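Remember, it's a predicted structure, so these values are computed and weren't measured experimentally. Order of the sequence lines fixes the chain letters, A, B, ..., with proteins taken first and strands second; residue numbering starts at 1 for each chain.
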Protein chains: 2
Amino acid sequence: MARPKAKELTERELEIMQVFCDHGELTPQDVRDRLAEAGRDLAYTTVATLVRILLEKGFVRQTTDERPFRYEPARSFDEVSNNLVNDLLSRVFGGSTEKLLVSLLDRKKLSKKERETLQRILDEQK
Amino acid sequence: MARPKAKELTERELEIMQVFCDHGELTPQDVRDRLAEAGRDLAYTTVATLVRILLEKGFVRQTTDERPFRYEPARSFDEVSNNLVNDLLSRVFGGSTEKLLVSLLDRKKLSKKERETLQRILDEQK
DNA sequence: TACGATTAAATCAAATTTGGTTATTTAGTT
DNA sequence: AACTAAATAACCAAATTTGATTTAATCGTA
């Protein structure tokens with residue numbers, strides 16, 4: 001029986017997507033360098049392959065037809081992260097945002113800044 | 001080059017762990033039946049294998065030496081879900097709870113009940 | 001201008017381990 | 001012996017990685 005394809009970005013795909021979201025338009029070589037700086041030392045061909053996969057999945061778009069090809073994000077980081085959060089919500093919390101929120105708030109004392117941020121958002125929703 | 005091992009419970013492992021957390025002590029056949037009720041119809045051997053994997057990883061413990069073997073959770077659902085949330089936090093939000101909170105709260109208007117729950121927890125942290 | 005050499009980048013093919021699944025074999029019980 | 005449950009072996013696709021090969025671009029020379 002075949003193993004199901006990941007519904008969301010895999011770990012390595014996400015790392016590369018984050019580089020694009022942080023920097024905008026990049027060549028695969030640029031991406032490779034950024035990853036290396038962040039401690040993930042991959043061969044150029046590895047990165048180029050993963051960028052192509054992201055292209056095929058519609059997460060990045062190609063901006064030039066000349067070499068070196070350049071790519072930029074086709075989806076915002078918000079969209080990407082929201083999908084991943086949704087995935088967690090459905091798998092772990094049965095879709096309940098409240099359960100996740102309670103889980104977050106119950107396990108660690110929030111910093112003053114965090115409490116203020118949360119309070120502000122709560123106030124905005126009244 | 002090898003495909004890396006999942007850092008946390010895989011999707012199928014999590015489903016089975018959730019059955020144990022919901023019901024307590026179970027045989028693999030029990031688990032299979034519960035999963036089938038929930039729409040995941042797997043062969044007995046599939047479920048038994050995954051239960052064994054959970055045992056080896058320390059998520060369940062065996063409670064009997066006679067057949068049919070019975071198992072119960074060795075970790076709470078809170079612990080399991082916290083690990084998965086931590087994984088998401090580090091992969092997607094650089095470890096920042098605040099970023100996840102903002103992401104959650106920005107995308108959907110909370111119900112009155114949800115706001116009250118959050119407000120209460122906030123107040124308890126002052 | 002044309003052609004060959006060189007270099008950089010893209011593409012392709014393959015290797016390896018994992019996750020998911022299940023039939024088959026083994027072991028235990030009646 | 002028959003039946004049930006556990007353990008094992010095997011299959012398949014996915015994820016990750018990268019070297020080999022191909023392609024494209026550029027440069028130097030005639």
Protein-nucleotide distance (Leu9(A), atom CG; dT16(D), atom C1'), rounded to Å:
15 Å

So, the side chain of Thr63(B) versus the backbone of Arg70(B): is there a donor-acceptor pair under 3.5 Å, distance only?
yes

Answer with base, sugar-phosphate or nothing: what part of the nucleic acid does Tyr44(B) contact at a heavy-atom distance below 4.0 Å?
base

When the distance from CG of Asp30(A) to P of dA8(C) is rounded to whole Å, what number comes out?
15 Å

Will you find, in the side chains of Asn86(B) and Arg91(B), an N or O donor that is under 3.5 Å from an N or O acceptor?
no

Tell me yes or no: between the side chains of Asp22(A) and Gln18(A), is some donor less than 3.5 Å from an acceptor?
no

Which of the following nucleotides, dG19(C), dT16(D), dT17(D), is nearest to the side chain of Lys5(B)?
dG19(C)

Between P on dA6(D) and CG on Leu55(B), what's the gap in Å once rounded to a whole number?
12 Å

Nearest to side-chain heavy atoms of Arg3(B), which nucleotide of dT16(D), dT18(D), dA14(D)
dA14(D)

Can you find a side chain N or O atom of Arg52(A) that sits less than 4.0 Å from OP1 or OP2 on dT11(C)?
yes

Ignoring the backbone of Pro68(B), work out which of dA6(D), dT11(C), dT16(D) is nearest its side chain.
dA6(D)

Leu50(B) atom CG is separated from dG20(C) atom C1', nearest whole Å, by 7 Å

Across the strands shown, which category fits Ala48(B) at heavy-atom distances under 4.0 angstrom: base, sugar-phosphate, nothing?
nothing

Whole-Å distance between dT22(C) C1' and Ile53(B) CD1?
13 Å

Kindly say if Thr45(B) contacts the phosphate of dA23(C), meaning a side-chain N or O under 4.0 Å from OP1 or OP2.
no

By nearest-nucleotide position on DNA chain D, the 5'-leaning member of Glu66(A) and Glu8(A) is Glu8(A)

Distance-only polar pair, side chains of Asp78(A) and Ser103(B), donor-acceptor under 3.5 Å
no

Against the side chain of Arg12(B), the closest entry in dG20(C), dT22(C), dT18(C) is dG20(C)

Charged N to carboxylate O under 4.0 angstrom, Glu116(A) versus Arg120(A)?
no

Nearest-nucleotide pick for Thr49(A), side chain only, options being dG19(C), dT21(C), dT18(D)
dT18(D)

Does OP1 or OP2 of dT18(D) have a side-chain N or O of Thr46(A) closer than 4.0 Å?
yes

Take the protein atom CD of Glu56(A) and the nucleotide atom C1' of dA15(D), then report the distance between them rounded to whole Å.
14 Å

Tell me: CZ of Arg32(B) to P of dG20(C), nearest whole Å?
18 Å

Taking atom types as modelled and ignoring hydrogens, do the side chains of Asn83(A) and Glu79(A) form a donor-acceptor contact shorter than 3.5 angstrom?
no

Can you identify which nucleotide, out of dT16(D), dG19(C), dA27(C), has its nearest atom closest to the Arg67(B) side chain?
dA27(C)

Report which part of the nucleic acid Gln29(A) touches: base, sugar-phosphate, or nothing (heavy-atom distance under 4.0 Å, all strands).
nothing

Just how far, in rounded Å, is C1' of dT29(C) from CG of Asp65(B)?
16 Å

